[in-house]
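Inspection log for the structure reproduced underneath, given as structure tokens.
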Amino acid sequence: MLHLSTPRPLDAAAVLAWYDRHARMLPWRVPPRARAGGERPDPYRVWLSEVMLQQTTVAAVGKYFARFTQLWPTVAELAAAPLDAVLVEWAGLGYYARARNLHACARAVVERHGGVFPDTAEDLLTLPGIGPYTAAAIAAICHDERAAVLDGNVERVLARYHALSVPVREAKEDLRSELARSVPARAGDFAQALMDLGATICAPRSALCMLCPLEPGCAGARTGNPLAFPVKAAKAGRPVRYGHAFVMRDGDGDVYLRTRPDKGLLAKMTEVPTSEWAGALAAPNYPVAADWRHHGQVVHVFTHFRLELEVWSATVPAPALLTEGWWADPRATGREALPTLFRKVLAAAGI
DNA sequence: TATCCGTGGAT
DNA sequence: TATCCAAGGAT
């Protein structure tokens, strides 16, 4: 316990009692009363929700989860779908490696496990897109494996509970082993309880300690300023990159789209052609000679840089020369795997 | 281990 | 407007 001054197991009974009264109703969740009756969630739905929820809010996930489970009710059906169809449905949700790994994972479950998700965190961890958190969450929620389910919410709860004096990143394994000591038999409810607690009571900008079942043992509450935890690491600045986006129309008004490279940002997603994105704005190097019209700029903020694209459009005189991509009906862009950035570009060009 | 990888909502 | 940040994983 390098970083925990007063390590002490959590009061799991108090956490579970709180959860029995306050569990949030979510589409992929089996509420505690039904769980007590023996009902267990479908591992496919739990896995799908956990992957969608990685670094993503419950509110953002809702429609996507409903759409995916409607289109592909089982892991076998998802595995049978083409990757392109999965990317189309994932478009807008972000972190697109998740969609590629989701599809690879579905196929691995079918090919290596007969279409049944493994039961243990250890085996789940071998699958694409499933890391320590997701493996532990699935095993705990579906099978009550007493795994340490440590996500951002739980990290915050524990950082406050232990009044952790260093950034979470430096003490993550300490928190994980300390958490593992606290996990009760109802491991699935316990995991979901701590996450709900972090989302509603022990939230980033508010700590409703008077409502918290962990308050009696909480070192952070005892300091009088629980919001001081977790301690923040120094943040890196966000550079700005600049470029040009070229929206091309053919004689029918269709828009030229193409697929992005296999690796890197927005890999394998659909795009409008752009210039390189550089630290300074260069003069536009139009892809074809045409009467180009300027539509102002689109600003899009990624995790590690801010992008400002000048948007141009033109009707191109010889569309047959553009063979790398395809021409899409502008009224049907919902069927394209367009990330939000390029939907903004099309909107700026009046599409 | 630090960095890369999206997006939208809250403040 | 700027900043933070949300159920992380891969490399």
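What you see below is based on every heavy atom in this structure, not just the backbone, and it leaves out hydrogens, waters and symmetry mates. Order of the sequence lines fixes the chain letters, A, B, ..., with proteins taken first and strands second; residue numbering starts at 1 for each chain.
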### Task
Give the nucleotide from the list dG6(B), dG8(C), dA2(C) with an atom nearest to the side chain of Tyr133(A).
dG8(C)
### Query
So which nucleotide from dC5(C), dG6(B), dG9(C) ends up closest to the side chain of Pro132(A)?
dG9(C)
### Query
Closest to the Asn101(A) side chain: dA10(C), dC5(C), dG8(C)?
dA10(C)
#### Entry: Plane angle bin for Tyr286(A) and Phe246(A) - parallel if under 30°, tilted between 30 and 60°, otherwise perpendicular
perpendicular
### Message
Does either side chain, that of Thr333(A) or that of Glu336(A), offer a donor lying less than 3.5 Å from an acceptor on the other one?
### Response
no
### Summary
In whole angstroms, the gap separating C1' of dG8(B) from CG of Leu341(A) amounts to 15 Å
### Query
Between dG8(C), dC5(C), dT7(B), which one does the side chain of Gln55(A) approach most closely?
dG8(C)
### Message
Can you identify which nucleotide, out of dC5(B), dA2(C), dC5(C), has its nearest atom closest to the His304(A) side chain?
### Response
dC5(B)
### Query
Of the candidate nucleotides dG8(B), dG9(C), dT11(B), which contains the atom at the shortest distance from the side chain of Thr134(A)?
dG9(C)
### Task
Mind calculating the distance between CZ (Arg98(A)) and C1' (dC4(B)) to the nearest angstrom?
14 Å
### Message
Check the phosphate of dT7(B) against Tyr96(A), side-chain N and O only, distance under 4.0 Å to OP1 or OP2. Yes or no?
### Response
yes
### Task
Look at all strands and tell whether Arg205(A) reaches a base, only sugar-phosphate, or nothing, counting heavy atoms closer than 4.0 Å.
base
### Message
As a test of your reading of the structure, name each stem of DNA chain C as range with range, where a stem is three or more consecutive Watson-Crick or G-U pairs at under 3.5 Å.
### Response
B:2-5 with C:8-11, B:7-11 with C:2-6
### Query
CD of Gln54(A) versus C1' of dG8(C): gap in Å, rounded?
5 Å
### Summary
ring-ring contact (aromatic ring centres under 6.0 Å, His included) filter on Tyr44(A), not counting sequence neighbours, yields Trp47(A)
### Task
Check the distance between dG9(C)'s P and Leu124(A)'s CG and give it to me in whole angstrom.
12 Å
#### Entry: Phe68(A): which of Trp72(A), Phe65(A), Tyr64(A) passes ring pair (Phe, Tyr, Trp, His ring centres under 6.0 Å)
Trp72(A)
### Task
Take the protein atom CG of Leu227(A) and the nucleotide atom P of dC5(C), then report the distance between them rounded to whole Å.
11 Å
### Nearest to side-chain heavy atoms of Leu265(A), which nucleotide of dC5(C), dG6(B), dA2(B)
dG6(B)
### Query
Within the structure shown, what part of the strands sits under 4.0 Å from Arg156(A) by heavy-atom distance: base, sugar-phosphate, or nothing?
sugar-phosphate
### Query
Nearest-Å distance, CG (Leu127(A)) to P (dG8(C))?
19 Å
#### Entry: Nucleotide of dG8(C), dC5(C), dG6(B) approaching Asp151(A) most closely (side-chain heavy atoms)
dG8(C)
### Rounded distance [0.5 Å steps], SG in Cys202(A) versus CG in Asp196(A)
13.0 Å
### Query
Roughly how many Å is it from CG in Leu93(A) to P in dC5(B), rounded to a whole number?
18 Å
### Task
To the nearest Å, give me how far apart CH2 (Trp90(A)) and P (dG6(B)) are.
12 Å
### Task
Ignoring backbone atoms, test whether Lys263(A) places a side-chain nitrogen or oxygen under 4.0 Å from the OP1 or OP2 oxygen of dT11(C).
no
### Message
What's Gly198(A) touching, base or sugar-phosphate or nothing? Going by heavy atoms closer than 4.0 Å.
### Response
nothing
### Message
Through direct or indirect side-chain contacts below 4.5 angstrom among Ile, Leu, Val, Met, Phe, Trp and Tyr, which residues connect to Leu281(A)?
### Response
Val240(A), Tyr242(A)
### Task
Pick base, sugar-phosphate or nothing for Lys344(A), based on heavy-atom distances below 4.0 Å to the nucleic acid.
nothing
### Task
Indicate, with a heavy-atom threshold strictly under 4.0 Å, whether Thr303(A) touches base, sugar-phosphate, or nothing.
base
### Task
Could you check whether Arg238(A) gets within reach of a base, just the sugar-phosphate, or nothing at all, counting any heavy atom under 4.0 Å?
nothing
### Task
Please report the shortest heavy-atom distance between Thr323(A) and Tyr256(A), naming the atom on each side.
N-OH, 4.2 Å
### Summary
Comparing Thr57(A) with Leu125(A), nearest DNA chain C nucleotide closer to 5' gives the residue Thr57(A)
### Message
Looking at the base of dG6(B), is there any donor atom on it, or on the side chain of Thr56(A), that sits under 3.5 Å from an acceptor on the other one?
### Response
yes
### Message
Could you check whether Asp42(A) pairs with Arg45(A) (Lys NZ or Arg NE/NH1/NH2 to Asp/Glu carboxylate O, under 4.0 Å)?
### Response
no
### Query
When all nucleic acid strands are considered with a 4.0 Å heavy-atom cut-off, which category describes Val301(A): base, sugar-phosphate, or nothing?
base
#### Entry: Electrostatic pair Asp329(A):Arg335(A) at N-O distance under 4.0 angstrom
no
### Message
Could you tell me how far dG8(B) sits from dG9(C) if I compare only their P atoms? Round to whole Å.
### Response
22 Å
